There are 4 protein chains.
Amino acid sequence: MEKDSKSQIIEVALELFGEHSMNDVSLNQVIKASGLSKGAVYHHFPSKKELIKECVISFWEKMTTEVINAPIENMPLKNVLAFLQLKSAEIIEEGKQKNDNIFELYIAMLFYVRKEPELIPIPKKYFNAFKDKLIGCIKNDQERGVLKKDIPAETSALLILTAAEGHGLYTISCVLNNPQQELEDLLNQIYNSIAI
Amino acid sequence: MEKDSKSQIIEVALELFGEHSMNDVSLNQVIKASGLSKGAVYHHFPSKKELIKECVISFWEKMTTEVINAPIENMPLKNVLAFLQLKSAEIIEEGKQKNDNIFELYIAMLFYVRKEPELIPIPKKYFNAFKDKLIGCIKNDQERGVLKKDIPAETSALLILTAAEGHGLYTISCVLNNPQQELEDLLNQIYNSIAI
Amino acid sequence: MEKDSKSQIIEVALELFGEHSMNDVSLNQVIKASGLSKGAVYHHFPSKKELIKECVISFWEKMTTEVINAPIENMPLKNVLAFLQLKSAEIIEEGKQKNDNIFELYIAMLFYVRKEPELIPIPKKYFNAFKDKLIGCIKNDQERGVLKKDIPAETSALLILTAAEGHGLYTISCVLNNPQQELEDLLNQIYNSIAI
Amino acid sequence: MEKDSKSQIIEVALELFGEHSMNDVSLNQVIKASGLSKGAVYHHFPSKKELIKECVISFWEKMTTEVINAPIENMPLKNVLAFLQLKSAEIIEEGKQKNDNIFELYIAMLFYVRKEPELIPIPKKYFNAFKDKLIGCIKNDQERGVLKKDIPAETSALLILTAAEGHGLYTISCVLNNPQQELEDLLNQIYNSIAI
DNA sequence: TATGAATGAGCCTTCATTCAT
DNA sequence: TATGAATGAAGGCTCATTCAT
């Protein structure tokens with residue numbers, strides 16, 4: 001079955017991309033790890049570039065689904081932020097234990113898109129899905145009278161996202177002293193600034 | 001003079017690293033661009049890795065000096081934020097016109113350090129210098145009664161930095177619709193939340 | 001068929017190793033001489049080291065078969081020694097005419113094994129096959145009453161081998177005046193000392 | 001003083017040649033180990049080839065002096081053979097403990113001369129000195145009625161030398177089971193065959 | 001669909017050597 | 001005498017890719 005081999009290759013490649021940098025993973029490694037033959041891989045993907053492209057697409061699709069399925073809907077923002085902290089802690093911990101680093105791959109995936117402009121919509125979809133979910137929660141809380149109504153939900157959501165993103169970057173570059181505490185402080189300050 | 005050739009090579013390499021990704025620049029390219037011979041480069045740097053290391057160091061030193069010399073001291077925070085927006089716009093514009101992208105290199109430099117833990121202090125110094133400057137401005141404004149005194153300057157500074165960082169990341173990954181406007185919104189919201 | 005290319009490469013390499021010293025033969029030379037491409041050679045051998053290893057194995061296997069097939073069985077020792085002299089003369093002559101030198105390669109092969117201890121059994125097999133053949137002849141002659149029975153065949157065989165070996169070494173280092181005469185003298189003296 | 005630097009370089013080079021194979025030692029290594037500068041070495045030796053040449057000469061001169069000074073004169077052959085065994089054991093032991101291998105270097109030195117025929121007389125001198133010493137001892141013993149007079153001392157000496165040489169070769173190629181015992185057996189058999 | 005042998009450009013690195021100072 | 005910057009050929013090796021089977 002074509003489908004099987006193909007998606008298996010993508011999966012294996014993504015795994016390797018998580019362990020090393022995308023640039024440092026050769027097709028040979030993917031081939032060896034996939035257990036298939038050179039010809040088989042080239043049968044499914046005309047070139048390495050194409051394989052990577054499909055990996056990027058697959059990656060963002062997974063991320064998007066994950067966000068869409070995140071049990072955030074109708075949560076008070078307070079809880080959402082706690083959820084974010086938890087996720088962050090998880091990723092950091094995982095990065096320490098395993099050899100891979102999801103966040104690093106995530107950044108690489110974000111960057112990759114620049115070279116293939118037709119792919120831009122894909123991470124954008126993820127980003128917007130994320131932002132929209134946040135906006136939804138914020139608006140809910142505004143309705144419930146928990147958050148100030150005169151601060152645009154859009155900007156608040158963006159602030160949460162960018163701050164978390166920047167914090168992640170600083171974290172994996174080992175520039176922060178106590179990443180988890182600092183993330184908590186950041187999100188708290190944001191929350192307090194928009195809470196009634 | 002050794003100094004000349006060596007620093008020239010670093011300079012040329014950094015330039016190339018700005019145009020393509022650090023990983024994609026071969027020593028041959030550096031050599032060709034430097035106008036020197038293969039042997040000459042290897043005379044100054046025992047390996048490509050070492051050359052990159054010195055480039056990373058040089059990069060962060062430049063960045064740190066730039067921050068330290070930034071005419072931010074004693075500025076009201078309002079102006080500092082305007083200054084940040086200006087800088088951001090500049091970088092974005094430059095990235096569009098030239099082939100290089102300072103921000104992408106900046107991220108790569110941040111990441112590189114993970115593989116060479118002894119280098120971590122170097123970007124950390126830059127980061128702290130930046131944060132300290134911001135904290136200074138915020139405390140000044142607090143003294144002057146422009147900013148709320150009950151919000152810790154430290155966290156506010158970190159919020160500005162992470163939000164700007166995250167915004168940069170989102171910008172170069174083409175995920176935002178109107179980056180400059182959105183940065184303005186973000187910084188405004190932050191400012192308003194801490195202003196009296 | 002894999003076999004063809006692979007063994008062809010080994011053959012070509014062994015030829016070159018005979019002409020120059022193993023160390024002085026570059027993979028490029030092997031590649032050029034084999035008529036294949038760089039990639040093809042690396043497809044069959046993961047590294048130069050591995051190629052050399054397989055050459056060493058192939059060399060000793062050939063040598064061993066040659067010894068095992070040598071028409072020495074049941075010959076009187078006298079004739080065997082004459083046979084040895086002939087072989088020696090042949091090798092010396094060949095070395096003078098062609099560019100290669102079997103004996104030099106032989107020594108190199110003997111030495112190589114030190115760096116790859118798992119290969120030691122291979123030349124050892126050759127050596128023992130040779131010694132056993134000699135021992136067989138000596139014992140035969142002892143039975144026939146041609147050679148003294150109180151001198152251990154084992155040591156006599158070893159004496160013949162080591163003396164021939166040492167003589168070979170001195171010959172190719174041009175230290176002897178009349179190698180063939182001297183070899184005859186040596187073997188004669190050994191023979192006489194154990195003959196009745 | 002030119003003499004000092006020059007002979008120091010040779011000494012250092014010979015040391016390295018003992019540790020690695022002559023081919024594998026680069027001038028850079030010699031330069032680094034000598035503590036001198038590139039230019040300095042090239043001031044003394046026009047090329048690597050010339051340096052090696054002088055090392056070869058120096059090596060054989062040392063060896064020759066050593067033989068000439070060996071306290072063998074007037075010794076009964078019996079003792080000389082015991083002395084040889086001792087020396088052999090020493091070299092083997094040293095090779096096991098240190099990283100270097102005198103015997104391997106010795107062979108390389110013997111071979112080297114083939115490429116530079118004008119050097120042939122140098123190891124030849126060593127070889128002849130050794131042989132002559134042995135001949136002297138044998139003749140002494142013949143006079144004293146310990147050794148048979150009808151066996152030419154020349155051939156006996158050569159037999160001892162070649163057997164020892166061959167034994168050495170077999171020893172360092174790990175082909176023998178009990179090198180020291182076997183050397184003793186060999187020399188004993190030779191001795192007995194010429195003793196009265 | 002799948003195999004794996006073959007290709008050749010290009011990568012990082014080492015080396016002997018030259019030469020201005 | 002001595003320094004060390006510079007040269008460029010060559011070495012071992014990797015890689016994406018092609019293609020006959």
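Throughout, protein chains are lettered first and strands after them, A, B, ... in sequence-line order, and every chain is numbered starting at 1. None of these values were measured; they are calculated from a predicted model.
- The CZ atom of A:Phe45 sits 14 Å away from the C1' atom of E:dT1 (whole-angstrom rounding).
- Taking side-chain N and O atoms only, B:His44 has no distance below 4.0 Å to OP1 or OP2 of F:dG4.
- Counting only residues at least two apart or on different chains, no salt bridge (Lys or Arg N to Asp or Glu O under 4.0 Å) pair has a member in residues 31-48 of chain D.
- F:dA16 atom P lies 15 Å from atom CD of A:Glu50, rounded to whole Å.
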Check your understanding: side chain to side chain contact (heavy atoms under 4.5 Å, CB included) between D:Ile122 and D:Val56: does it pass, once the steps are laid out?
Key -> CA-CA 9 Å; D:Ile122 306 186; D:Val56 174; over 6 Å; no
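- Two residues are said to be in side-chain contact when any heavy atoms from C-beta on lie closer than 4.5 Å; B:Asn28 and B:Ile31 meet this criterion.
- Residue C:Ser5 has a polar side-chain atom (N or O) positioned under 4.0 Å from OP1 or OP2 of E:dA6.
- Spacing between F:dT21 and E:dT1 at atom C1', rounded to whole Å, works out to 13 Å.
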Practice item. Between protein and nucleotides 16-21 of chain E, map the contacts as a letter string: B base, S sugar-phosphate only, - none, heavy atoms under 4.0 Å, written 5' to 3'. Key: SBB---
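- Side chain of D:Ser58 to backbone of D:Glu54: no donor-acceptor contact under 3.5 angstrom is found.
- Atoms CG (C:Leu51) and C1' (F:dG11) sit 14 Å apart, rounded to a whole Å.
- Looking at A:Glu50, its side chain never comes within 3.5 Å of a backbone N or O of A:Ser47 through a donor-acceptor pair.
- Among residues two or more places apart in sequence or in another chain, the ring pair (Phe, Tyr, Trp, His ring centres under 6.0 Å) test is passed with D:Tyr106 by D:Trp60, D:Phe103.
- Residue pairs satisfying the salt bridge (Lys or Arg N to Asp or Glu O under 4.0 Å) criterion with at least one member in residues 109-119 of chain A, sequence neighbours excluded, are listed as follows: A:Lys49-A:Glu116, A:Lys53-A:Glu116, A:Lys53-A:Glu118, A:Arg114-B:Glu104.
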Exercise for review: May I have the step-by-step check of side chain to side chain contact (heavy atoms under 4.5 Å, CB included) for D:Val113 and C:Ser173, ending in yes or no?
Suggested key: CA-CA 7 Å; D:Val113 157; C:Ser173 49; 5.9 Å; no
Review point. Would you write out the dot-bracket form of DNA chain E, 5' to 3', with Watson-Crick and G-U pairs under 3.5 Å, [ ] for crossing pairs, | for pairs to other strands and . for unpaired bases?
Key: .||||||||||||||||||||
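- Judged as a ring-ring contact (aromatic ring centres under 6.0 Å, His included), not a single pair has a partner in residues 11-42 of chain D (not counting sequence neighbours).
- F:dT3 atom P lies 16 Å from atom NZ of D:Lys32, rounded to whole Å.
- Between A:Asp24 atom CG and E:dC12 atom C1' there is a gap of 14 Å when expressed in whole angstrom units.
- Not one side-chain nitrogen or oxygen of D:His43 sits closer than 4.0 Å to the OP1 or OP2 atom of F:dT3.
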